[in-house]
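Lettering of chains follows the sequences in order, A, B, ..., and the numbering in each one begins at 1. Please read all numbers here as calculations on a predicted model, not as lab measurements.
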Amino acid sequence: MAKKLFSDAAAALDGLLHDGMTLAAGGFGLCGIPETLIDALCASGVKGITAISNNAGIDDFGLGLLLRTRQIAKMISSYVGENKEFERQYLAGELEVEFCPQGTLAERMRAGGAGIPGFYTRTAFGTRLAEGKEVREFNGEPHVLETGLVVDLSIVKAWKADPYGNLVYRKSARNFNPMVATCGRVTVAEVEHIIGSGELDPDHIHTPGIFVQRVILATRNEKRIEQRTLRREA
Amino acid sequence: MPWAREQMARRAAVELQDGFYVNLGIGIPTLVSNFIDPAIDVTLQSENGMLGLGPFPTEAEVDADIINAGKQTITELDSTSYVSSADSFGMIRGGHIDLSILGAMEVSEDGDLANWSVPGKMVKGPGGAMDLVAGVARIIILMDHVDKNGMPKFRTRCTLPLTGTNVVDMIVTNLAVFKRRDRKSKFELIEVAPGLSRGEVRDLTEADYIDM
């Protein structure tokens with residue numbers, strides 16, 4: 001049994017980083033993002049990253065931190081609002097952006113992790129995002145060829161891990177994390193709780209340890225809320 | 001008098017049926033949840049991986065790990081389940097969601113939709129909109145009848161980048177309601193806001209539609 005538990009984020013990323021690498025990160029908005037590992041990537045100074053993530057964080061949180069330090073050269077995302085530094089770099093031509101419909105992005109990661117190099121989807125047919133892509137009819141409907149994604153490194157946030165790297169996510173913080181975990185050649189997970197051997201119900205594991213090579217206890221669990229929306233109390 | 005946002009949302013809510021699984025877009029569509037008939041059972045889905053959305057939380061109930069696709073804090077119900085983004089879009093793309101209500105910048109008379117790229121602003125990306133219109137059985141659009149410059153938003157052809165082609169089934173604006181039988185049919189003007197004439201709606205619409 002390979003030892004998967006690492007002492008901290010820097011140790012867990014040791015030997016995995018190089019300039020020009022591809023990176024996939026879990027999270028939706030600021031929910032379920034690997035905050036601790038993003039900090040460690042900033043500190044590492046690795047540059048020229050192609051980052052694949054549904055969103056790009058905000059100016060001072062999430063992947064926005066890696067944008068601010070100019071460590072990201074290209075983003076593949078479905079939505080990149082709420083980030084002024086992103087906008088500035090993009091408009092100045094300093095940052096390359098590839099938009100991908102959200103469901104297609106999730107499926108591209110899932111496919112990549114499952115050894116499927118490409119798949120057809122009706123999503124985006126007839127739009128700018130399908131330009132230049134192969135189209136094929138199934139049941140009389142045009143579908144667009146999309147490719148699976150495999151990356152050098154995946155980073156995910158989970159709620160609990162056991163020593164085998166089995167992961168359980170919490171509520172809507174699951175989002176992209178399970179697919180991100182599968183599409184990395186190496187996957188590092190940061191978790192809120194590391195629990196003992198046998199303490200996870202095998203029926204309740206979301207990501208089996210085969211997809212997770214390294215685990216750390218998260219030291220940053222700020223979980224910033226983008227839209228704190230309340231109902232009036234009766 | 002034009003309908004207010006709440007009235008548009010209330011009108012769209014009439015289209016919800018017992019047993020429906022529904023995805024509501026960001027903005028005015030989110031308001032639709034306030035007007036669901038309590039006598040019917042409707043399950044709201046959010047594409048970030050939550051099926052069975054409850055009301056917004058009280059301060060004490062706020063949980064940063066429970067958000068909707070608008071990144072708003074939300075609560076669970078007894079029926080709630082969480083899934084990955086891939087499974088969530090499996091529900092959407094796989095045709096398991098009965099209805100989605102979305103905002104728009106333009107809709108064409110053929111049902112093309114443009115709602116992801118704002119003119120003159122940096123493109124922020126489509127999010128899940130392209131997946132929703134490609135996969136959900138029925139799409140209702142809530143939008144103002146004309147844009148800030150007074151230009152009709154229900155047009156002959158969309159001038160903005162498309163989200164999907166031939167995907168819209170019904171349009172509720174602040175002035176009128178248009179609906180079509182199926183995606184081979186033309187839209188028909190079925191309701192007009194109080195105090196407005198059908199001719200006034202016609203004058204503020206570029207699209208060709210049936211006006212009986």
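Under 4.0 Å is where a charged nitrogen must lie from a carboxylate oxygen, and between B:K124 and A:E87 no such pair does.
With a 4.5 Å cut-off on non-hydrogen atoms, A:S77 does not touch chain B at all. Proximity to chain A involves both the backbone and the side chain of B:S84, based on heavy atoms less than 4.5 angstrom apart. In this structure, the portions of B:E47 lying under 4.5 Å from any heavy atom of chain A include both its backbone and its side chain. Contacts of B:A114 with chain A are absent, with no heavy-atom separation under 4.5 Å from either backbone or side chain. A:N54 does not touch chain B: none of its heavy atoms, backbone or side chain, sits under 4.5 Å away. With a 4.5 angstrom heavy-atom cutoff, B:T163 touches chain A only via backbone atoms. With a 4.5 Å cut-off on non-hydrogen atoms, B:N68 touches chain A through its backbone but not through its side chain. Within the 4.5 angstrom heavy-atom criterion, only side-chain atoms of A:L91, from C-beta onward, approach chain B. At a 4.5 Å heavy-atom cutoff, the contact between A:Y79 and chain B is made by backbone and side-chain atoms alike.
Rounding to the nearest 0.5 Å places OG1 of A:T229 at 10.0 Å from CD1 of B:I67. In this structure, A:K171 NZ and B:I66 CD1 are separated by 4.5 Å, a value rounded to the nearest 0.5 Å. Here A:Q227 contributes atom CD and B:I74 contributes atom CD1; the two are 12.0 Å apart, rounded to the nearest 0.5 Å. Separating the CZ atom in A:F28 from the OG atom in B:S88 is a distance of 9.0 Å, to the nearest 0.5 Å. Note that CG of A:L230 and CD of B:E61 are 9.5 Å apart. Values are rounded to the nearest 0.5 Å. Here the CE-OG1 distance, from B:M130 to A:T104, works out to 9.0 Å after rounding to the nearest 0.5 Å.
Ranked by heavy-atom pairs under 4.5 Å with chain B, the list A:R224, A:E107, A:R228, A:R110 is led by A:R228. Interface check for chain B: of the options A:E226, A:M109, A:E141, A:R170, the most heavy-atom pairs under 4.5 Å are formed by A:R170. Put simply, of B:M50, B:E76, B:K71, B:Q72, the one with the most heavy-atom pairs under 4.5 Å next to chain A is B:K71. Comparing B:L162, B:T73, B:V123, B:V83 by how many heavy-atom pairs each has under 4.5 Å with chain A, the most go to B:T73.
Within 6.0 Å of CH2 in B:W3 there are more than 12 heavy atoms belonging to other residues, nucleotides or ligands. The environment of CG in B:D78 is sparse: at most 12 heavy-atom neighbours from other residues, nucleotides or ligands sit within 6.0 Å. The environment of B:Y21 atom OH is sparse: at most 12 non-hydrogen atoms of other residues, nucleotides or ligands sit within 6.0 angstrom. Within a 6.0 Å radius of CD1 in A:I210, other residues, nucleotides and ligands contribute 12 heavy atoms or fewer. A:R88 CZ: more than 12 foreign heavy atoms inside a 6.0 Å radius.
Side-chain atoms of B:V167 and A:R122, non-hydrogen and from C-beta on, do get closer than 4.5 Å to each other. Considering only heavy atoms from C-beta on, B:F89 stays 4.5 Å or farther from A:T121 through its side chain. When side chains are defined from C-beta on, B:D65 does not count as touching A:Y169, because their heavy atoms never get closer than 4.5 Å. Between B:M122 and A:V80 there is a side-chain heavy-atom pair separated by less than 4.5 Å.
In terms of modelled atom types and a separation under 3.5 Å, the side chain of B:R93 and the main chain of A:G103 share a donor-acceptor contact.
Within residues 173-190 of chain A, the residues approaching chain B closer than 4.5 Å by heavy atoms are, in numerical order, A:A173, A:R174, A:N175, A:F176, A:P178, A:M179. Residues of residues 151-158 of chain A never come within less than 4.5 angstrom of chain B, heavy atom to heavy atom.
Contact record, B:A64 with A:C31: O-SG, 3.7 Å, taken as the closest heavy-atom pair. Here the closest non-hydrogen pair linking A:F99 and B:P126 is CB-CD, 4.2 Å.
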